[in-house]
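Okay, structure first, notes after.
Note: hydrogens, waters and symmetry copies are ignored here, and every other heavy atom, side chains too, is used. Counting convention: from 1, in listed order, for ligands and their atoms alike.
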Amino acid sequence: MKQADINWVPSICPFCGVGCGFLAGVDRGRLVALEYLTEHPVSEGALCPKGNAVLDTVHHADRLLHPLKRVGEGFERISWDQALHEIAEQILQIREAHGPNALAFLASAKCSNEENYLMQKWARVLGTNSVDHCARLCHASTVAGLAKTLGAGAMTNPVTDTVNADCIFVIGSNFAECHPVAARWVGDALEQGAFLMVADPRVTPTVWHADLHLQLRPGSDVALINGMMKVIVQAGLHNKKFIASRTSGFEQLRELLKTVELSEVEEITGVPADAIEEVARHYATAQASVIVWSMGITQHITGTDNVMSLANLALITGHLGRPGTGLMPLRGQSNVQGACDVGALSNVLPGYVPVTDFERRRQIAAKWDVTELPATPGLTVVEMMNAAASGGLHSLYVMGENPMVSDPNVQHVRQGLDNLDLLVVQDIFMTETAELADYVLPAALWAEKSGSYTSTERRVQWQPTLVAPPGEALPDWEIICEMGRRTGYADQFALASPGAILAEINTVSPAYAGITPERVQALGGLIWPCPDEDHPGTPILHEEKFGTEDGLGHITSASYRPPAETPDEQYPLILTTGRLVLHYNSGSMTRRTKALLSREPRLFVEISAADAAERGIEDGDLVRVATRRGHTDCVARVVPTVAAGVVFMPFHFSGTNILTSDALDPTAKIPEYKVAACQIHKSFQ
Ligand SMILES: Nc1nc2c(c(=O)[nH]1)N[C@H]1C(S)=C(S)[C@@H](COP(=O)(O)OP(=O)(O)OC[C@H]3O[C@@H](n4cnc5c(=O)[nH]c(N)nc54)[C@H](O)[C@@H]3O)O[C@H]1N2
Ligand SMILES: Nc1nc2c(c(=O)[nH]1)N[C@H]1C(S)=C(S)[C@@H](COP(=O)(O)OP(=O)(O)OC[C@H]3O[C@@H](n4cnc5c(=O)[nH]c(N)nc54)[C@H](O)[C@@H]3O)O[C@H]1N2
Ligand code: SF4
Ligand SMILES: [Mo]
């Protein structure tokens, strides 16, 4: 029931990349209620359990209220002036002593476009490209694989367009739990008779709705996709007209497919050959087929190969550039798409301009009024931790990330963070990472500041300020502007509001040129590319040509390679990790939300009945999970949803990432969270 004295303001959900809208109810300076916003183009009034729980974190008693400085094992409260002054001094001293590449910065997919833009600008004017964020742990392989094949590393069609598909091929995505409101559109397609096929090593809630489930072995996706393409080409089901007019590279793919045998694919993937044949035929022959993927595809040392293989599948069948078709990498965080767009990646400037591109780098340097910008790619997230551990990195400034829970091989991360001369953490809560910092800075969260956020479908939406931040907390953009000014860049950071920062983004990033502070505030915002102020935005990409230089889709063949770790006698099981509907990433927000924590209170591992019986483990037992990097104790859940030989753990609690592997995809530098060899036995503590 709407109450008369509450002010209802259209807002966007701060959790995942679906970008749902709701009405936030503000009463006397407090956020007190939510109301469904039925006019929102994507969510149409729906919200998932996390969206429904957004209020809990806003006025939470654990919020950071004041700047803190480490003293021995604890912290003391200091003034903003002292904090900013000391951090700026130390950053300049470290740069002076060791050069700009001794500094690194983590931006945040929880922060706005404006804040991420400022963070990467600050790193770069200071002289380093070592600015990165969780996209590196998430869809870096999607960005790399799609840039190479289609010339644009983003989702090709809007979320709502899945309703137009006749065949939906989901691979390595559990959208029923992770993008629940996007799943509604798939539900609508199913009601209209669409065919749903899901390739996932587990029987997830997404699988419950599927017509076909391929329970493949973790890390075998390239083999599966090549097997599907073999079936398609052998049966002549490929789209010869589309291949001839819109693609290059088909002949090389055809040669590769000659070496692919379906019986071998069956052996590698564990999926019966006739099931592979069935999915291939459905995908190729439907009028409009769409491919949906997420972390099951990207978080592998073959992540880029996985993505390129999916692009190949779409290119040889012509399922691109039309309603109901396309490639749908569901992005994770509320603003991970935007943080990438504005250049918070160590290899690209705003607008995906490679840092190695002399001419375009020079143009951006001129806009920023600096004589030069660094020309070599900086360190990525995992590389930063490695460099810190080996002494090559001296300072890390973290805005809104929690690497002590979310990065792989956390014991190694800990060594790196302990080894730094300066660790600054700017967050809304005292996270596991902030506990280790030299300075902790209190940030305002989404409702306490304004700014734009770009959802998974490239939709840029505006969040207005609803309430004041608690204590002395400040918006991230204000903190970074002040840091920029105090480190010697007064003119570059003379930006007085998020609107002024967005206006600067309009001039630097052509895809955002028409997404002005005035236009973006309309309900539903605008979808990039939006090259000028009269442009309506571009929901579907690649309708006539691809974003590559020659306009063609580049079929780029990849052969199957096994994961970095395969089971052996000592570590005979494959551990894969992922998400639960009730928790969010490192859990810093959802573990503080009673409604969510009470229903999913602790870490567990899912194990098959066969593997459990072999080890004398019963449902509910305390077990120890061990990998080459360490061990963790948790509760066993004996479930029918994982196959023998595979176990699953969520990563929302400390402990999981002690186990995971930091082996990297050579192109995208994403770690292989989805495969680690492990052993499990009963714990006798
Ligand atoms: N509830 C909730 N929602 C979220 C998040 C959250 O933490 N909680 N996080 C957000 C973020 S940042 C992201 S990136 C997205 C992620 O969204 P998803 O990618 O959907 O989530 P995951 O659980 O990491 O992985 C998806 C599926 O991949 C499967 N998988 C594992 N290994 C393989 C493999 O080798 N091949 C294939 N084909 N599949 C495999 C897993 O069994 C799992 O079901 O969710 C976003 N939304
Ligand atoms: N084992 C395993 N590990 C994984 C994954 C996996 O599948 N398996 N997935 C990976 C993926 S896809 C991702 S995206 C990463 C996520 O890794 P992280 O980004 O480290 O995880 P989050 O918990 O989302 O951290 C966001 C932080 O920002 C803070 N925050 C929220 N709002 C604001 C704000 O407005 N300002 C500031 N300054 N801070 C804010 C939150 O309190 C939180 O500490 O985890 C990765 N880790
Ligand atoms: S689907 Fe994502 S954006 Fe929508 S309410 Fe849930 S967490 Fe928020
Ligand atoms: Mo993510």
SB check Asp418 Arg414 (cutoff 4.0 Å)
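Yes.
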Do NZ/NE/NH1/NH2 and the carboxylate oxygens of Lys50 and Glu177 come within less than 4.0 Å?
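Looking at Lys50 and Glu177, the cut-off is not met.
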So for ligand 2, is [X] a polar contact partner (N or O within less than 3.5 Å, distance only)?
X      : value
Thr660 : no
Thr656 : no
Gln299 : yes
Ser108 : no

Are any of the heavy atoms in [X] under 4.0 Å away from ligand 2?
X      : result
Glu115 : no
Gly332 : no
Met649 : no
Lys449 : yes
Ala135 : no

So which of [options] gets nearest to [atom], if we judge by its closest heavy atom?
atom                    : options                        : answer
atom 30 (N) of ligand 2 : Asp427, Thr431, Val405         : Asp427
atom 13 (C) of ligand 2 : Arg579, His139, Arg136         : Arg579
atom 20 (O) of ligand 2 : Cys111, Cys178, Ser406         : Ser406
atom 39 (N) of ligand 2 : Ala107, Gly400, Gly578, Ser588 : Gly400

Residues two or more places apart in sequence or in another chain: which of them pass salt bridge (Lys or Arg N to Asp or Glu O under 4.0 Å) with Arg458?
none
Determine all donor-acceptor pairs shorter than 3.5 Å in which one atom belongs to a side chain in residues 467-482; sequence neighbours excluded.
from   : atom 1 : to     : atom 2 : distance (Å)
Glu472 : OE1    : His66  : ND1    : 2.8
Asp476 : OD1    : Gln426 : NE2    : 2.7
Asp476 : OD2    : Lys449 : NZ     : 2.7
Glu482 : OE1    : Arg485 : NH2    : 2.9
Glu482 : OE2    : Arg486 : NE     : 2.9

Using a cut-off of 2.8 Å, find all protein N, O or S atoms closer to atom 2 (Fe) of ligand 3 than that distance.
Cys16 SG
Can you list every ring-ring contact (aromatic ring centres under 6.0 Å, His included) pair that touches residues 574-594, not counting sequence neighbours?
Phe15-Tyr584, His583-His652, His583-Phe653
With Gln337 as reference, evaluate Arg459, His139, Arg331 under the side chain to side chain donor-acceptor pair (under 3.5 Å) test and give the passing residue.
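Exactly one candidate clears the test, Arg331.
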